[in-house]
Enquirer: 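One structure is given below, represented as structure tokens, and several questions about it will come after.
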Amino acid sequence: MLLHGIDAPADAVTDAGATTVVLLHGMMGSSESWWRVIPRLTARGHHVLALDLPGHGLSPRDPDLTIEQAAASVVETVQKLASGHPVAAIGHSYGASVLAAAAGEIRPEVAVYVDASLRLVGGHDRARLAAQYAEDRRARSSVESLRASRPYYSDTDAAIEARAASRFDPATMASVSCGADHVWLPDAGSIVVRADPSTWVSDADAERFERHGIDVRSISGAAHTVWYSHFDEFLASVPELFG
């Protein structure tokens, strides 16, 4: 199942060996969530493949989706659209978990996990969780409510995230949390960028990552979607791609 995405090529002068940076948004986001990040990557000569994960944006819905199937869809799409290019990847929150599940197949040279504990708690009641997500979608589908709850959003940020929420499928996302628990540990040398303090990545999580050679980088005062609240600091935290 190929996923819908934004394919942003680098400038024409870039050689054919340019890195393709795969961008995976968080829950209830979309490929458009990276609208400010994409131009900074292409300015560095990278190709960019920003994907809508299943049940998000313009990608297919699947009320029986598992995290493994979501990861397989990413692998299939990357192999089709970025074949022959070295790959790097950034995943945020839920998208970071999908990246962790897909990394063994796409083998990114640089892997960045943004504000994610890389744990997925399963065993949820499908109908109850879908109803909760539907309520969350209603709350986030209004530009006005997003600006009120996230004052750091620009008008464009709010419009993009409201549109993403309106396209979000609660049944698809609820299905992911109905199976077994999952815990991922990225390869040594991977990067975790977290807000500080973070409600998603605890100090214990950070210590777990660091014990396994994962580079944890913190952004003081950042929101969960760190590039919306602290854009310049986020770019500076990953000089491997933005420097």
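Computed from heavy atoms alone, side chains included, the values below leave out hydrogens, waters and symmetry copies.
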Enquirer: Nearest 0.5 Å, please: how far is OG in S198 from CD1 in I219?
Expert: 11.0 Å
Enquirer: Look at the side chain of T66 and the backbone N and O of V176, then say whether any donor-acceptor pair between them is shorter than 3.5 Å.
Expert: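 Not confirmed, T66 side chain does not pair with V176 backbone.
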Enquirer: Looking at F231, does the NZ or CZ of R36 lie under 6.0 angstrom from its six-membered ring centre and within 45 degrees of the ring axis?
Expert: yes
Enquirer: So does R163 get a backbone contact from the side chain of S166, meaning a donor-acceptor N/O pair under 3.5 Å?
Expert: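 The answer is yes, because a donor-acceptor pair under 3.5 Å joins these two groups.
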Enquirer: Is there any ring-ring contact (aromatic ring centres under 6.0 Å, His included) pair reaching into residues 180-207, and which pairs are they, with sequence neighbours excluded?
Expert: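 As it turns out, the ring-ring contact (aromatic ring centres under 6.0 Å, His included) pairs with a partner in residues 180-207, which skip direct neighbours, are H182-W184, W200-H224.
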Enquirer: Are Y113 and M27 grouped together when hydrophobic residues (ILVMFWY) are joined by side-chain heavy atoms under 4.5 angstrom apart?
Expert: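 Yes; tracing contacts between hydrophobic side chains, which count when under 4.5 Å, links both residues.
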Enquirer: Before accepting this row, confirm whether a basic side-chain N of the pair R138/D136 lies closer than 4.0 Å to the acidic partner's carboxylate O.
Expert: no
Enquirer: How many angstroms lie between CG in L118 and OG in S190, if you round to the nearest 0.5 Å?
Expert: 9.0 Å
Enquirer: How far does OG of S73 sit from CD of E68, to the nearest 0.5 angstrom?
Expert: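 These two atoms lie 11.5 Å from each other.
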Enquirer: So, applying side chain to side chain contact (heavy atoms under 4.5 Å, CB included) with L99, which one of V74, L23, I90, I106 is it?
Expert: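 It is I106, the one option of V74, L23, I90, I106 that forms the side chain to side chain contact (heavy atoms under 4.5 Å, CB included) with L99.
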Enquirer: Indicate the atoms forming the closest heavy-atom contact of D52 with L3, along with that distance.
Expert: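 In this case the closest contact between D52 and L3 is O-CB, 3.5 Å.
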Enquirer: Starting from L185, can I reach L24 by hopping between I/L/V/M/F/W/Y residues whose side chains sit under 4.5 Å apart?
Expert: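 Looking at the clustering, L185 is in the same group as L24.
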Enquirer: What I want to check is whether the side chains of D64 and S175 have a donor and an acceptor closer together than 3.5 Å.
Expert: no
Enquirer: Of all the heavy-atom pairs spanning A102 and V75, show the shortest one and how long it is.
Expert: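 Between these two residues, the closest heavy atoms are CB-CG2, 3.8 Å.
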Enquirer: Minimum heavy-atom separation for T77 to L49, with atom names?
Expert: O-CD2, 4.4 Å
Enquirer: Any chance you could lay out the side-chain contact (heavy atoms from CB on, under 4.5 Å) test for F209 and V201, step after step, and finish with the verdict?
Expert: CA-CA 10 Å; F209 293 143; V201 184; 4.2 Å; yes
Enquirer: Under 3.5 Å, side chain of H56 to main-chain N/O of P54, donor-acceptor pair present?
Expert: yes
Enquirer: Can you find a pair of side-chain heavy atoms, one from I214 and one from R211, that are under 4.5 Å apart?
Expert: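 The answer is no, as the side chains (C-beta and beyond) never meet within the 4.5 Å cut-off.
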Enquirer: Answer whether the closest heavy-atom distance between the side chains of T19 and H85 falls below 4.5 Å.
Expert: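 T19 vs H85: side chains apart.
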Enquirer: Give a yes or no on whether a salt bridge exists between D196 and R217, defined as a side-chain N under 4.0 angstrom from a carboxylate O.
Expert: no
Enquirer: Measure centre to centre between the rings of Y153 and Y228, then say whether the value is under 6.0 Å.
Expert: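 Yes, they do, as the ring centres are separated by less than 6.0 Å.
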Enquirer: Please check if the side chain of E109 supplies one atom and the backbone of A88 the other of a donor-acceptor pair under 3.5 Å.
Expert: no
Enquirer: Linking I/L/V/M/F/W/Y whenever any side-chain heavy atoms sit under 4.5 Å apart, do L120 and F168 land together?
Expert: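 L120 clusters together with F168.
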Enquirer: When rounded to the nearest 0.5 angstrom, what is the spacing between OG in S218 and CG in D115?
Expert: 9.5 Å
Enquirer: So H47 and V21, side-chain contact (heavy atoms from CB on, under 4.5 Å) or not? Walk me through it.
Expert: CA-CA 6 Å; H47 295 272; V21 183; over 6 Å; no
Enquirer: Could you report the tightest heavy-atom contact between S59 and L53, atom names first, then the distance?
Expert: CB-O, 3.6 Å
Enquirer: Should I67 and V98 count as side-chain neighbours, where that means a heavy-atom distance under 4.5 Å?
Expert: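 SC-SC contact between I67 and V98 confirmed.
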Enquirer: Find the distance between SG (C178) and CG (L129) and round it off to the nearest 0.5 Å.
Expert: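 It comes to 6.5 Å.
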Enquirer: Under 3.5 Å, is there a donor on one side chain and an acceptor on the other for D205 and S202?
Expert: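 A donor-acceptor contact under 3.5 Å links the two side chains.
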Enquirer: Tell me whether R208 contacts the main-chain N or O of S117 through its side chain, where contact means a donor paired with an acceptor under 3.5 Å.
Expert: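 Here the side-chain-to-backbone pair exists.
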Enquirer: Do H230 and Y152 come close enough that some side-chain heavy atom pair is under 4.5 Å?
Expert: no
Enquirer: What closest approach, in Å, do P60 and L2 show between heavy atoms, and which atom pair accounts for it?
Expert: CD-O, 4.0 Å
Enquirer: Quick check: does any side chain N or O of S30 sit under 3.5 Å from a backbone N or O of E32, one acting as donor and the other as acceptor?
Expert: yes
Enquirer: Between I160 and W35, is the side-chain contact (heavy atoms from CB on, under 4.5 Å) condition met? List the steps.
Expert: CA-CA 9 Å; I160 281 174; W35 74 276; 3.3 Å; yes
Enquirer: Kindly give the heavy-atom pair with the smallest separation between M28 and E161, and that separation in Å.
Expert: O-OE1, 4.2 Å
Enquirer: Does any non-hydrogen side-chain atom of I6 lie less than 4.5 Å from one of S31?
Expert: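 Side-chain contact under 4.5 Å: yes.
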Enquirer: Does V37 share a hydrophobic cluster with L51, counting links as ILVMFWY side-chain heavy atoms below 4.5 Å and allowing steps through other members?
Expert: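 Cluster IDs for V37 and L51 differ.
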Enquirer: Which value, rounded to the nearest 0.5 Å, describes the distance between T172 atom OG1 and Q69 atom CD?
Expert: 10.5 Å
Enquirer: Can you name the side-chain hydrogen bond (donor to acceptor under 3.5 Å, both in side chains) partners of S154, sequence neighbours left out?
Expert: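 In terms of side-chain hydrogen bond (donor to acceptor under 3.5 Å, both in side chains), with neighbours along the sequence ignored, S154 is linked to D157.
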Enquirer: Strictly distance-based, threshold 3.5 Å: is any side-chain N or O of H46 a donor or acceptor partner for the main-chain N or O of L41?
Expert: no
Enquirer: Salt bridge or not for E144 and R150, using N-O below 4.0 Å?
Expert: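 Salt bridge absent between E144 and R150.
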Enquirer: Can you tell whether the side chains of D169 and R137 come within less than 4.0 Å, N to carboxylate O?
Expert: no
Enquirer: Just wondering, more than 12 heavy atoms not from R107 lying within 6.0 Å of its CZ?
Expert: no
Enquirer: Step by step, would you call M173 with L65 a side-chain contact (heavy atoms from CB on, under 4.5 Å)?
Expert: CA-CA 7 Å; M173 194 63 221; L65 187 73; over 6 Å; no
Enquirer: Who passes ring pair (Phe, Tyr, Trp, His ring centres under 6.0 Å) against W227, sequence neighbours left out?
Expert: W34, H92, F234
Enquirer: Taking the side chain as every heavy atom from C-beta outward, state whether L146 and V143 have any pair of such atoms under 4.5 Å apart.
Expert: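 Counting from C-beta outward, L146 and V143 never come under 4.5 Å.
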Enquirer: Do F242 and V112 sit in one hydrophobic cluster, given that two such residues count as connected whenever their side-chain heavy atoms are within less than 4.5 Å of each other, even indirectly?
Expert: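 Yes, because F242 and V112 connect within a single hydrophobic cluster, where side-chain heavy atoms sit under 4.5 Å apart.
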